[in-house]
Protein chains: 2
Amino acid sequence: MLSKKTQYAFHALTYLAENQAKGPILISEISQERKISLKFLENILLEMKKAGVLGSKKGKGGGYYLIKPPEDVQLAKIIRMLDGPIALLPCVSLNYYERCENCTEERCGLNEVMAEVRDNTLKVLEKKTLKDVLRNR
Amino acid sequence: MLSKKTQYAFHALTYLAENQAKGPILISEISQERKISLKFLENILLEMKKAGVLGSKKGKGGGYYLIKPPEDVQLAKIIRMLDGPIALLPCVSLNYYERCENCTEERCGLNEVMAEVRDNTLKVLEKKTLKDVLRNR
DNA sequence: TATATTCCCTACCTTTTTTGTAGACTAATA
DNA sequence: TATTAGTCTACAAAAAAGGTAGGGAATATA
């Protein structure tokens with residue numbers, strides 16, 4: 001399951017996308033509108049900024065804004081950024097690969113299946129973008 | 001990611017499947033062969049017994065054994081049993097459904113995408129069985 | 001340049017989940 | 001009836017998730 005953090009991130013991103021015309025949006029506005037703890041949301045937005053998804057502006061008239069058009073923001077990227085691996089096993093993760101203990105990959109049938117699951121999942125999450133989850137499509 | 005618990009469960013299940021001919025297998029044997037903490041494994045096997053996947057026999061010559069042929073044990077069932085929901089959001093889970101807070105499902109584009117992910121995942125996990133992950137296929 | 005505004009950063013705290021352990025109990029078998 | 005082996009309840013440690021506090025730094029504007 002996606003963590004609250006990632007779920008909040010999606011709430012924030014769709015809010016930003018739907019209000020792009022207004023220019024930079026205050027953290028506090030997103031927090032109120034989408035009912036997310038202000039300080040927790042601060043962390044999340046900052047993390048997304050560092051990952052290159054959001055931009056920000058300080059001082060009066062400041063706030064956060066999307067740095068790319070919604071159709072260029074892959075859902076897979078957001079999930080990986082905040083939740084880590086999408087794969088079900090470390091040994092089949094493309095971005096967070098780790099060897100499995102107690103299991104030789106060459107002879108383990110599980111990783112083949114899990115690689116198939118991963119591919120099927122990514123087929124959706126890498127194709128779909130922020131634009132696809134907006135309310136006013 | 002799958003929890004250790006579920007990963008251990010798969011180790012145990014494949015061991016049981018590969019040694020079916022030997023009759024009931026001791027917890028301690030699986031624990032040693034697959035390097036899993038004995039007491040932790042006890043809990044896991046018991047849970048699978050209660051869920052109807054394993055049978056057991058007490059006393060000398062006892063142990064655990066598969067109650068169904070490996071090709072009848074869906075991977076999805078094992079995962080759900082020990083890890084819970086397979087879906088990425090509670091509101092698109094078939095077996096563990098819960099309403100999402102702060103999000104009206106009718107107008108939330110996220111759940112449509114996540115339902116698609118779920119379907120793609122289940123396409124694999126409900127088709128593949130314990131037999132498909134055995135070493136000596 | 002003073003001040004208000006707003007994001008930035010570090011550190012911490014609480015709760016929940018995961019992972020693992022202890023020990024007594026019950027059932028089967030020889 | 002002694003031994004073997006699973007069953008059950010409870011607990012505990014460690015890790016992860018979720019959330020909070022408070023000051024610092026950059027910006028805008030008067």
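Residue numbers start from 1 in every chain, and the chains themselves are labelled A, B, ... in the order their sequence lines are given, proteins ahead of strands.
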Subject >> Distance below 4.0 Å between B:Y64 side-chain N/O and D:dA5 OP1 or OP2 >> reply: no

**OP:** Check the distance between D:dA17's P and A:E47's CD and give it to me in whole angstrom.
**Re:** 12 Å

Original post:
What does B:I25 touch in the nucleic acid at a heavy-atom separation under 4.0 angstrom: a base, only the sugar-phosphate, or nothing?
Top reply: sugar-phosphate

Subject >> Distance in angstrom units between B:L26 CG and D:dT7 P, rounded >> reply: 12 Å

Kindly give the atom pairs (protein nitrogen or oxygen, nucleotide nitrogen or oxygen) under 3.5 Å for nucleotides 20-23 of chain D.
from	atom 1	to	atom 2	distance (Å)
D:dT20	OP2	A:S37	OG	2.7
D:dT20	O4	A:N43	ND2	3.2
D:dG22	N7	A:K39	NZ	3.4
D:dG22	O6	A:K39	NZ	2.4

Original post:
Please give, in whole Å, the distance from D:dG18 P to A:L2 CG?
Top reply: 10 Å

Original post:
Are the side chain of B:N19 and the backbone of B:I25 linked by a donor-acceptor contact shorter than 3.5 Å?
Top reply: no

Original post:
Distance only, no hydrogens: is a donor on one side chain within 3.5 Å (strictly under) of an acceptor on the other, for A:T14 and A:R34?
Top reply: yes

**OP:** Ignoring hydrogens and angles, tell me if any N or O in the side chain of B:T121 forms a donor-acceptor pair with the backbone of B:V117 under 3.5 Å.
**Re:** yes

**OP:** Answer yes or no: are there more than 12 heavy-atom neighbours, outside B:K127 itself, under 6.0 Å from its atom NZ?
**Re:** yes

**OP:** May I ask you to decide if B:L2's main-chain N or O and B:T6's side chain share a donor-acceptor pair within less than 3.5 Å?
**Re:** no

Subject >> Under the salt bridge (Lys or Arg N to Asp or Glu O under 4.0 Å) test, residues paired with A:K58 that sit two or more places apart >> reply: none

**OP:** To the nearest Å, give me how far apart NZ (B:K4) and C1' (D:dA15) are.
**Re:** 12 Å

Original post:
Starting at the 5' end of DNA chain D and moving along, which residue's nearest nucleotide shows up first, A:K60 or B:G59?
Top reply: B:G59

**OP:** Identify whether any heavy atom of A:L45 sits under 4.0 Å from a base atom; if not, whether one sits that close to sugar-phosphate; answer base, sugar-phosphate or nothing.
**Re:** nothing

**OP:** Return the residues of residues 74-86 of chain B meeting this criterion: a heavy atom under 4.0 Å from some atom of DNA chain C. Order them by number, or give none.
**Re:** none

Original post:
What is the distance, rounded to the nearest whole Å, between atom CD of A:Q7 and atom C1' of D:dG19?
Top reply: 16 Å

Subject >> Closest approach of A:G62 to A:L26 (non-hydrogen atoms, all atoms of both residues) >> reply: O-CD2, 3.6 Å

**OP:** Go through DNA chain C in 5' to 3' direction and return only the first and the last nucleotide with some atom under 4.0 Å of chain A's heavy atoms.
**Re:** C:dT5 to C:dC9

Subject >> Atom-to-atom span, NZ of B:K49 to P of D:dC8 - whole angstrom >> reply: 7 Å

Original post:
Taking NZ from A:K58 and C1' from D:dA28, how many angstroms apart are they, rounded to a whole number?
Top reply: 13 Å

Original post:
Is a side-chain donor or acceptor of A:N111 paired with a backbone partner of A:V92 at a separation under 3.5 angstrom?
Top reply: no

Subject >> Salt bridge flag under 4.0 Å for residues A:K22 and A:E29 >> reply: yes

**OP:** Would you mind listing every side-chain hydrogen bond (donor to acceptor under 3.5 Å, both in side chains) that reaches into residues 61-76 of chain A, with sequence neighbours excluded?
**Re:** none

**OP:** Quick one: list whatever passes salt bridge (Lys or Arg N to Asp or Glu O under 4.0 Å) with A:R80, sequence neighbours left out.
**Re:** A:E126

